[in-house]
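For reference, the structure discussed in these notes is given below.
Labels below follow one simple rule: chain letters A, B, ... track the order of the sequence lines, proteins then strands, and each chain is numbered from 1.
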2 protein chains.
Amino acid sequence: MSPRIGLDLPTIVEAAAEIADTSGIEEVTLASLAQKLGIRSPSLYNHVNGLKGLRLQLAIYGLKLLTESINDAINGKSGDEAIHAIAAAYMAFARAHPGLYELTLRAPDADDVEYAAYAQALVNIMVETLRVYGLDYDLTIHIVRGFRSYLHGFASIEQKGGFGMPQAVDESLKQVLNTYLIGLHHS
Amino acid sequence: MSPRIGLDLPTIVEAAAEIADTSGIEEVTLASLAQKLGIRSPSLYNHVNGLKGLRLQLAIYGLKLLTESINDAINGKSGDEAIHAIAAAYMAFARAHPGLYELTLRAPDADDVEYAAYAQALVNIMVETLRVYGLDYDLTIHIVRGFRSYLHGFASIEQKGGFGMPQAVDESLKQVLNTYLIGLHHS
DNA sequence: TGCAAAAACTAATACCATTAGTTTATTATA
DNA sequence: TATAATAAACTAATGGTATTAGTTTTTGCA
């Protein structure tokens, strides 16, 4: 079935993710990736639909890792504790994989079935975690949107060095989350 | 002093912003911009430090527009009303200038003095708006970070089509903000 | 053993940014 | 008014990029 074994999609995507995390996402080119893998760049078209296809695979891979990581973090927790655990796991992923994270939330083709499925899974985790608060469905959707927006914005701004003093960012993350949760408990 | 008058930095940056908003930020190339302006692409180097310099100018221009827009929106308001006005103006800008907004929060060189000054001005507006709540300084910084993160994350996710149902996003924006403000009033 | 398919390859094309060196037009000065 | 300096355009050339087409090679299976 497969000649020239030893090079498959996971290997390619992981190599690309490593470039993204260590050198930045604009260094992820078919040329640099091919060089890292010891092949010529047109050969990549046998595994991936060009640069656009590679980026989509990276987005799927990142979303999968992120979702798994959050699922692990949430294990056995509920309520406010679970919310804080999600936030911590989210930030830990963004910090450990800066390039991959950036590609994760920037799917060139958000209509892709696999990407959409993982994205929905992440939303479902949050919806499920909020269940204990007994909110009605519409409000739950609003709150989840706010939570996602906050986490993504925080990770994104931090990654770009947008927060002046770097020592207190974790404190900010928690304080803001607590403020949000207090508001939630009072509404 | 200036031969061949008629082409200056603002003209160039506005043309580039138009490309970004109508065709997407990856269509902003020196080639496409030069064509739009009726010149050859190397001529752009007389006004801008290459593609990187162009992107920096776009980020500065966008940040300036955004800050002015928010300043206008806040006029005469205070407290919760001012917070909601900031959020509305922020989202209005991101929606009216999708490409420029994306470039605004992605300065290739965040150390640039002019860019940093506008960014600080935006933070100052928020700090000032929160003054009426009488929070201590540290908490104010945390809350501003949360506010910025939320707004950026919301705009960013919406732009990528990350919210499933598009009809209720404004409702989400307000609801979440209200929840956040309730938490603020109770802490 | 031979055949088909998959995955590598080479060669070529088109687009892009960038640099170097040249021309041209405008402004300021003598 | 004529001339020199300067800024902004230009052409030409280089190197990097993705991508396509067509070819070779290797592997698995009949």
CA sep, side-chain torsions, deciding dist, call: A:T29, A:L51, side chain to side chain contact (heavy atoms under 4.5 Å, CB included): CA-CA 7 Å; A:T29 65; A:L51 183 60; 5.6 Å; no

Does the side chain of A:S156 pick up a donor-acceptor pair with the side chain of A:K160 at under 3.5 Å? yes

For B:N49, does the CG atom have more than 12 heavy-atom neighbours from other residues, nucleotides or ligands under 6.0 Å away? no

A:L184 backbone acceptor or donor facing A:S187 side chain under 3.5 Å: yes

is_close_aromatic(B:Y101, B:Y90), centroid dist under 6.0 Å: yes

Between the protein and nucleotides 20-23 of chain D, list the N/O to N/O atom pairs that are separated by less than 3.5 angstrom.
none

In whole angstrom, what separates B:H47's NE2 from C:dT18's C1'? 17 Å

Specify the separation, in whole Å, of atom CD1 of B:I12 and atom C1' of D:dA7. 13 Å

Quick check, are the ring centers of B:F154 and A:H152 under 6.0 angstrom apart? no

Under 4.0 Å between a side-chain nitrogen and a carboxylate oxygen: does that hold for B:E158 and B:R95? yes

Base C:dA6 to side chain A:N46, donor-acceptor N/O within 3.5 Å cut-off: no

No-hydrogen, no-angle side-chain donor-acceptor test under 3.5 Å, A:D72 and A:S69: no

Scan residues 21-38 of chain A against DNA chain D and write down, sorted by residue number, each residue with any heavy atom closer than 4.0 Å; if none is found, say none. A:T29, A:L30, A:A31

With the side chain defined as heavy atoms from C-beta on, A:R40 is closest, among C:dT10, D:dA9, D:dC10, to C:dT10

Is there a side-chain contact between B:Y118 and B:T104 (heavy atoms, below 4.5 Å)? no

According to the Watson-Crick and G-U wobble definition with distances under 3.5 Å, which dot-bracket string, read 5' to 3', encodes DNA chain D, using [ ] for crossing pairs and | for pairs with another strand? ||||||||||||||||||||||||||||||

